[in-house]
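Below is one structure, written out as structure tokens, with a few remarks after it.
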Amino acid sequence: MDQKLKVGILGATGMVGQRFIALLENHPWFEVVTVAASPRSAGKTYEEAVGDRWKMETPIPEAVKNLVVANVNEVEQVAASVDFVFSAVDMTKDEIKAIEEAYAKTETPVVSNNSAHRWTPDVPMVVPEINADHFDVIKDQKKRLGTKRGFIAVKPNCSIQSYAPCLAAWAEFGPKEVVATTYQAISGAGKNFKDWPEMVENIIPYIGGEEEKSEQEPLRVLGKVENGQIVKAELPKITCQCVRVSVLNGHTAAVFINFEKKPTKEQLIEKLVNFKGFPQEEKLPSAPKQFVQYLEDDNRPQAALDVDYENGMGVTIGRLREDSMFDFKFIGLSHNTVRGAAGGAVLCAEALAAKGYIQAK
């Protein structure tokens, strides 16, 4: 790419916004030129607005520290300064839908980490290795919005990243029934242990809305484009429990699965480690070279050891074995705020740029 695309971050002061800023430091294609947040942060420098709430392991990038925070509600003004935006705003679902559409209607592509538009029929919800072809629906969305270059694309929920890639890798064997329990890190709630001391040595057996997302969103990712909208897959049938655990980063899933055709363990592992898609073929900047790794050790994957595989953009699977009630069971692990949130959205934006959907204004 000859010239870097100018990027705005909506909701830049929150945890996911911070992750976007950290990931985009020195990005070869994208440059953060605008940070936008709520009116109470507007007018301050980014460093002032974040204050002591910076949660990343690395310091605030020098190039962003002194950017003056814009009011996210001043849509025309923010949109005029950028080629596209990442959305990580903290609002109600209806407010998010409205503001993301408002940005799209300024002819500014929106790549969203939020859930508000995940079930809008003509908005692609994409894990780029699995369903980059769903971007084809953007042309129909543009007709609805009345835009030439503005649109919305989203990434799916963080909780599905540790097992949905397996379902795609194993498609030829016909996954038909899945039972999953996800053990989800506290950073998924935008917290660390300092913010949430009651999570130390604790488990909370409920995360609002998470089980519904975990059961339904993989079916939309595995679906297809028909008549200008995404039609979700009918199989596999998925049931989930989602539990918050005393881990900072990394969502782990314990999964049981039945197939239409009975594969061998060796076949399943071979499909996992060789699974790749558009990001690997195009060598996108944030793409993991190997999307899924399989670890043979019975004690792996572990969040403490494996969450940063491929800079947090890869998925780790282990303990694949036959089961007495299901065909197989396994453990999956993914980084919830990198692959599952900001990093997944950055990879989506790279895929959109590579396909020509995002260009300089």
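- Here the CG-CE distance, from Asp308 to Met313, works out to 12.5 Å after rounding to the nearest 0.5 Å.
- Proximity of Phe291 to Leu272: side-chain heavy atoms (C-beta onward) are nowhere separated by under 4.5 Å.
- Checked by atom type, the side-chain pair Thr182/Ser159 shows no donor-acceptor distance below 3.5 Å.
- With 3.5 Å as the limit, one finds no donor-acceptor pair spanning the side chains of Trp170 and Glu172.
- In this structure, Val255 and Val178 have side chains that are in contact, with non-hydrogen atoms separated by less than 4.5 Å.
- Of the charged side-chain nitrogens involved, none lies within less than 4.0 Å of a carboxylate oxygen, so that Glu100 and Lys105 do not count as a salt-bridged pair.
- When only modelled atom types and interatomic distance are considered, Asn336 and Ser187 share a side-chain donor-acceptor pair under 3.5 Å.
- Distance check, rounded to the nearest 0.5 Å: CD1 of Ile186 to NZ of Lys191 gives 9.5 Å.
- A salt bridge links Glu226 with Lys224: the closest approach of a Lys/Arg side-chain nitrogen to an acidic carboxylate oxygen falls below 4.0 angstrom.
- A 4.5 Å side-chain heavy-atom check between Leu295 and Ile317 finds every atom pair outside the cut-off.
- Nearest approach of Thr252 to Ser162, heavy atoms of both residues: C-OG, 4.5 Å.
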(message) Before you tell me yes or no, could you show the steps for Leu347 and Leu284 under side chain to side chain contact (heavy atoms under 4.5 Å, CB included), namely the whole-Å CA-CA distance, both residues' side-chain angles and the distance that decides it to 0.1 Å?
(response) CA-CA 8 Å; Leu347 189 61; Leu284 299 181; 4.1 Å; yes
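- The two atoms that bring Pro61 and Ile21 nearest to each other are CD-CG2, 3.6 Å, heavy atoms only.
- Under the 3.5 Å distance criterion, with hydrogens and angles disregarded, no donor-acceptor pair is assigned to the side chains of Arg339 and Ser334.
- Between His117 and Glu101 there is a side-chain heavy-atom pair separated by less than 4.5 Å.
- When the side chains of ILVMFWY residues are joined at heavy-atom separations under 4.5 Å, either directly or via intervening members, Leu248 and Val16 end up in two distinct hydrophobic clusters.
- Of the N and O atoms on the side chains of Glu177 and Asn258, at least one donor lies less than 3.5 Å from an acceptor on the other residue.
- Salt-bridge annotation for Lys355 and Glu282: absent, with no side-chain N of the basic residue lying under 4.0 Å from a carboxylate O of the acidic one.
- Taking every heavy atom of both residues into account, Cys158 and His251 meet most closely at SG-NE2, 3.4 Å.
- Under the 4.0 Å criterion applied to side-chain N and carboxylate O atoms, Arg220 and Glu217 are not assigned as salt-bridge partners.
- In the model, Lys361 has a side-chain atom that pairs as donor or acceptor with a side-chain atom of Thr108 under 3.5 Å.
- Taking 4.0 Å as the cut-off between side-chain N and carboxylate O, Glu107 and Lys142 do not count as a salt-bridged pair.
- Hydrophobic clustering of Ile, Leu, Val, Met, Phe, Trp and Tyr side chains at less than 4.5 Å, counting indirect connections, keeps Leu5 apart from Val78.
- Atom CG of residue Asp90 and atom CG of residue Leu10 lie 13.0 Å apart, to the nearest 0.5 angstrom.
- Looking at Glu129 and Gln280, their side chains do bring a donor and an acceptor atom within 3.5 Å of each other.
- Salt bridge annotation for Lys55-Asp195: present, with a cationic side-chain nitrogen under 4.0 angstrom from a carboxylate oxygen.
- With hydrophobic clusters built from ILVMFWY side chains whose heavy atoms lie under 4.5 angstrom apart, Val154 does not share a cluster with Val137.
- Within the structure, the side-chain hydrogen bond (donor to acceptor under 3.5 Å, both in side chains) test picks out the following pairs touching residues 311-320 (sequence neighbours left out): Gln293-Thr316.
- We find the CG-CE distance between Asn202 and Met199 to be 5.0 Å, quoted to the nearest 0.5 Å.
- Counting heavy atoms from C-beta outward, Phe259 and Ile257 have side chains that approach closer than 4.5 Å.
- The CG atom of Asp136 lies 13.0 Å from the CD atom of Gln141; values are rounded to the nearest 0.5 Å.
- Between Phe256 and Phe330, a ring centre-to-centre spacing not shorter than 6.0 Å is recorded.
- Taking OG of Ser87 as the start and CD1 of Ile99 as the end, the distance is 7.5 Å to the nearest 0.5 Å.
- Scanning all heavy atoms of the two residues, the minimum distance from Phe135 to Tyr357 falls at O-OH, 3.3 Å.
- Closest heavy-atom contact between Thr58 and Ala22: OG1-CB, 4.3 Å.
- The aromatic rings of Phe84 and Phe30 sit perpendicular, their planes meeting at an angle over 60°, well past the 30° parallel limit.
- A donor-acceptor pair shorter than 3.5 Å can be found between the side chains of Glu270 and Asn274.
- Heavy atoms from other residues, nucleotides or ligands lying under 6.0 Å from CZ of Arg53 number more than 12.
- Between Lys176 and Lys237, every side-chain heavy-atom pair lies at or beyond the 4.5 Å cut-off.
- Under 3.5 Å, the side chains of Ser214 and Glu211 contain no donor-acceptor pair of N or O atoms.
- Between Trp29 and His27, the angle of the ring planes goes over 60°, which puts this pair in the perpendicular group of the 30/60° scheme.
- Between Val127 and Pro156, the closest side-chain pair of non-hydrogen atoms falls below 4.5 Å.
- Among residue pairs with one or both ends in residues 324-333, those qualifying as side-chain hydrogen bond (donor to acceptor under 3.5 Å, both in side chains) are Asp323-Lys329; sequence neighbours excluded.
- Side-chain contact between Ser41 and Val50: absent, with no pair of heavy atoms (C-beta onward) separated by less than 4.5 Å.
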